[in-house]
Amino acid sequence: MILTRKLILPALIVFAVLLAGIFAFSYINLHNTYHDAEEADLVSYSDAFVAELENQKNIALALASAAAGNPEIQKAFAERDRQRLISLTLPSFELTKSYNITQYQYYLPNGERFLSLNDIDDQKVGETLSVVLLANSEQSSVAGLESENGMLGVRGAVPIFYQGNHIGAVEFGIGFNDALLGILKEKYGGEWHILLLEELLIGTPTAIEPGPISGLIPYATTQDNSLFNESSSYVKALEGETSITHPSVDGRDYAILTSPLHDFSGRIVGTLDIVYDHTHISATQNSRMILAGLVSILALVLASLSLVILTSRTLKPIQTLTSAAASIADGDMTSIVDTKPSNDEIGTLTTAFNRMTMQLSNSITDLEKRVADRTQDLEKQTRWLRLAAEIVRDATYARNLDELLTRSTGLILDRFKFYHTGIFLLDNNNEYAVLVASSTEAGQRMISNNYRVRVGEVGIVGHVSASGEPHIILNKGIDAVHFNNPFLPNTRSELAVPLKLESRIIGVLDVHSDQSQTFTAEEVAIMQIMADQLASAIERTRLLQTVEKSLNELEGAYGKYTLESWKGLAEGVQTGNKGYRFDNIRIQAISELPELGKQALTTGTTTSSNGNDQKSEKQNTVAIPIKLRGQTIGVVTVKLKDDYSANTISTIESAAERLALSMESARLYEEARLRADREQSISRITTAISTPTEYEEILQTTVREIGMMLDHTEVAIQIVGDLSEGDQDE
């Protein structure tokens with residue numbers, strides 16, 4: 001008994017201390033875990049607030065950019081037509097008010113407010129927003145938070161240009177108030193507060209409540225009674241540092257995050273508070289720890305009783321079992337109690353312990369094998385996903401459809417190590433799936449032989465092109481018939497996935513492997529994702545090529561029509577003048593182009609030559625083509641002194657561009673005028689002819705009217721018929 005007590009007492013003390021240490025460690029670890037998770041949530045909520053603020057900035061900039069890019073608004077604003085500007089912008093402003101758009105204003109380049117749609121009757125100059133001043137000075141878009149008359153909002157200002165000149169700026173404002181915080185509270189929970197510097201709220205008509213520290217005033221909140229953080233947290237926030245505290249107020253536990261609030265220029269204008277009540281979490285934590293403590297105490301009591309009883313009777317077998325258990329706990333799953341089992345419970349326990357050890361060892365071995373297999377599968381799926389993304393990314397760099405298809409098949413074959421890869425596209429009648437791209441030698445031979453498969457026929461490509469569902473076949477059983485392809489003798493498994501745009505099938509991606517049982521369900525899903533992205537890239541490239549072809553044809557037609565029109569105009573000039581010349585005294589007509597002008601007219605490029613060195617002032621001659629829609633319709637020749645500015649030629653070229661547009665406008669106007677005169681003359685002749693009722697009078701009127709329309713022209717009308725009978729009468 002003495003030995004038993006000597007063994008039991010230290011064991012009980014050690015067990016109690018160990019249990020207490022485990023309990024303390026668990027409590028601290030659980031407490032820190034809750035706090036870390038809670039702080040991570042608060043940081044994510046703060047990031048969500050920043051993301052929401054960025055989204056509001058993008059909305060304000062998008063609205064301002066749309067208004068600044070409207071040609072009618074640009075023209076009305078450039079002409080300072082206030083009523084016209086109101087009629088163009090007020091309807092859209094009324095529609096956006098429901099989306100918390102509070103301000104829509106136009107400013108002149110000097111910052112003076114020209115129009116405020118949120119208060120049309122107010123024509124006072126008013127205070128100019130800093131975002132507007134910055135947008136006007138830098139002539140670029142500016143967005144962010146700014147306070148105006150005590151009201152905080154997201155402002156977006158965009159400069160407005162008209163005919164290349166900066167004429168002012170447009171500004172949209174989105175309210176930044178309790179409604180926005182209410183949305184964040186509903187979405188993420190907790191309570192939200194915004195506090196601003198007192199200097200920003202000077203002039204506000206509402207009463208100002210005191211804040212947690214001097215100079216910081218509550219601006220918006222989701223709570224009736226605001227719970228503030230510690231004063232030091234706000235001092236840190238105003239210095240640009242975010243802090244989290246865990247205060248307890250009136251028996252409730254809170255977590256409060258305080259972070260700085262920046263305006264559009266990066267200046268700190270206030271703070272953001274996120275208050276999270278974690279009383280229920282603390283209560284749950286305490287309940288769990290109390291339960292754990294009770295269980296620990298109960299375990300300690302039961303262990304003590306068991307130890308006293310068992311140690312006194314079976315000390316030696318228990319020691320053997322303890323040694324074996326310790327070995328197992330250290331990871332030695334081969335530890336077996338090597339004693340002759342008795343017929344009592346200890347013997348049964350020893351036998352059961354050995355059996356349990358063996359089962360546990362087998363279970364751990366099997367579990368490790370399953371984990372390794374699953375890890376290998378996940379690694380393969382991850383690699384396939386990465387390869388699919390890289391293939392689509394690299395393939396989309398292609399400049400045309402053929403290059404896109406060829407590059408796609410090459411990348412798929414190279415990255416996934418397949419035996420063969422091919423892309424089939426449906427023809428215009430959706431009757432055949434035609435092999436259009438392959439990076440293997442066998443695929444190239446099949447393409448040269450115009451290899452195609454009828455949609456819906458027997459075969460994996462025909463089946464997939466009709467059903468729109470991926471399909472796998474293996475080189476066994478019924479599927480083995482499909483592998484009788486002389487070009488691909490080593491195929492052992494094949495996968496075909498449809499290239500689809502929504503519900504429309506445009507082709508099939510066909511891959512072959514020289515290994516059996518290659519494709520799993522997860523890998524098929526990955527290949528389908530890649531095929532969907534390739535289908536979008538193919539359709540996008542097709543549309544791009546079609547648009548480019550149409551644009552080139554249209555541009556060529558316009559250029560040809562323009563050149564022919566100007567050639568006809570030049571041939572129709574009666575005076576023989578080729579142009580005009582100005583010698584700084586008078587304007588003279590010219591009938592022959594200079595040689596340098598002929599060269600520029602032929603080449604369509606600016607041509608220059610050095611002047612005569614024998615003259616007292618050396619001059620350079622420059623011939624600049626007058627181009628319209630890519631066609632040369634004339635030339636401007638200029639004699640410049642040797643010391644002319646480097647920008648002189650570019651200025652003349654710009655003037656030549658505007659001259660071409662003006663000449664084209666004049667030509668079109670002349671064509672329209674001539675067409676109108678002709679239509680008017682035809683209408684007048686038609687009216688005159690329609691008035692008489694007698695046959696002879698109609699003919700006489702027709703001859704007279706045509707003769708009046710065509711000066712110095714002899715007009716005759718002869719009715720052709722059988723005159724033999726009339727000759728006999730005469």
Side-chain angles (χ1 to χ4, degrees), residues 46 48-68 89-90 92-107 111 113-120 122 124-136 141-159 168-185 192-206 208-209 211 216-222 259-273:
S46 177
F49 173 83
V50 175
E52 182 65 25
L53 178 60
E54 191 67 25
N55 181 50
Q56 298 292 323
K57 289 166 54 180
N58 292 335
I59 292 174
L61 272 181
L63 292 173
S65 297
T89 57
L90 186 58
S92 60
F93 178 58
E94 294 296 334
L95 291 176
T96 57
K97 283 183 178 179
S98 58
Y99 298 96
N100 203 24
I101 304 300
T102 59
Q103 287 192 178
Y104 185 7
Q105 304 181 104
Y106 286 84
Y107 292 85
R113 186 173 63 191
F114 176 74
L115 174 63
S116 176
L117 290 166
N118 38 292
D119 191 1
I120 297 176
D122 183 11
K124 297 180 181 180
V125 174
E127 181 182 358
T128 302
L129 294 173
S130 298
V131 292
V132 175
L133 293 176
L134 186 58
N136 275 333
S141 301
V142 181
L145 284 174
E146 184 174 359
S147 175
E148 180 185 19
N149 296 327
M151 300 300 293
L152 185 65
V154 178
R155 320 294 185 190
V158 175
V170 58
E171 176 259 336
F172 272 81
I174 301 177
F176 204 79
N177 46 30
D178 295 347
L180 177 62
L181 296 185
I183 294 174
L184 293 173
K185 175 182 178 180
W192 300 68
H193 315 303
I194 292 179
L195 297 93
L196 296 181
L197 296 176
E198 185 177 4
E199 62 190 57
L200 300 178
L201 297 176
I202 296 176
T204 181
T206 58
I208 297 178
E209 299 179 3
L216 201 59
I217 303 300
Y219 173 74
T221 182
T222 59
S259 62
L261 187 65
H262 300 83
D263 68 357
F264 73 98
S265 64
R267 183 173 66 96
I268 298 176
V269 296
T271 63
L272 169 69
D273 280 359

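These values consider heavy atoms only, across backbone and side chains, with no hydrogens, waters or symmetry-generated copies.
Leu61 and Ala143 get closest at one heavy-atom pair: CG-CB, 3.5 Å. Closest heavy-atom contact between Leu145 and Val154: CD2-CG2, 3.7 Å. Closest non-hydrogen pair, Ala68 versus Val170, comes out as CB-CG1, 4.0 Å.
Taking CG from Leu272 and CZ from Phe49, the interatomic distance works out to 4.5 Å, rounded to the nearest 0.5 Å. To the nearest 0.5 angstrom, Leu117 atom CG is 6.0 Å from Leu90 atom CG. With rounding to the nearest 0.5 Å, the separation of CD in Glu171 from CG in Leu63 is 11.0 Å.
Under the ring pair (Phe, Tyr, Trp, His ring centres under 6.0 Å) criterion, Tyr104 pairs with Phe93, Tyr106, Phe172, not counting sequence neighbours. With sequence neighbours left out, the side chain to side chain donor-acceptor pair (under 3.5 Å) criterion links Glu146 to Ser130. Scored by the side chain to side chain donor-acceptor pair (under 3.5 Å) test, Thr102 finds no partners at all (sequence neighbours excluded). Checked against side-chain contact (heavy atoms from CB on, under 4.5 Å), Ser65 has the following partners two or more places apart in sequence or in another chain: Val158. Residues satisfying the side-chain contact (heavy atoms from CB on, under 4.5 Å) test with Glu52, not counting sequence neighbours, are Asn55, Gln56, Leu180, Leu184. Ile268 meets the side-chain contact (heavy atoms from CB on, under 4.5 Å) test with Leu238, Pro260, His262; sequence neighbours excluded.
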Q: Run the numbers on Glu54 and Val50 for side chain to side chain contact (heavy atoms under 4.5 Å, CB included), then give the verdict.
A: CA-CA 6 Å; Glu54 191 67 25; Val50 175; 5.6 Å; no

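At least one side-chain heavy atom of Leu196 sits under 4.5 Å from a side-chain heavy atom of Leu261.
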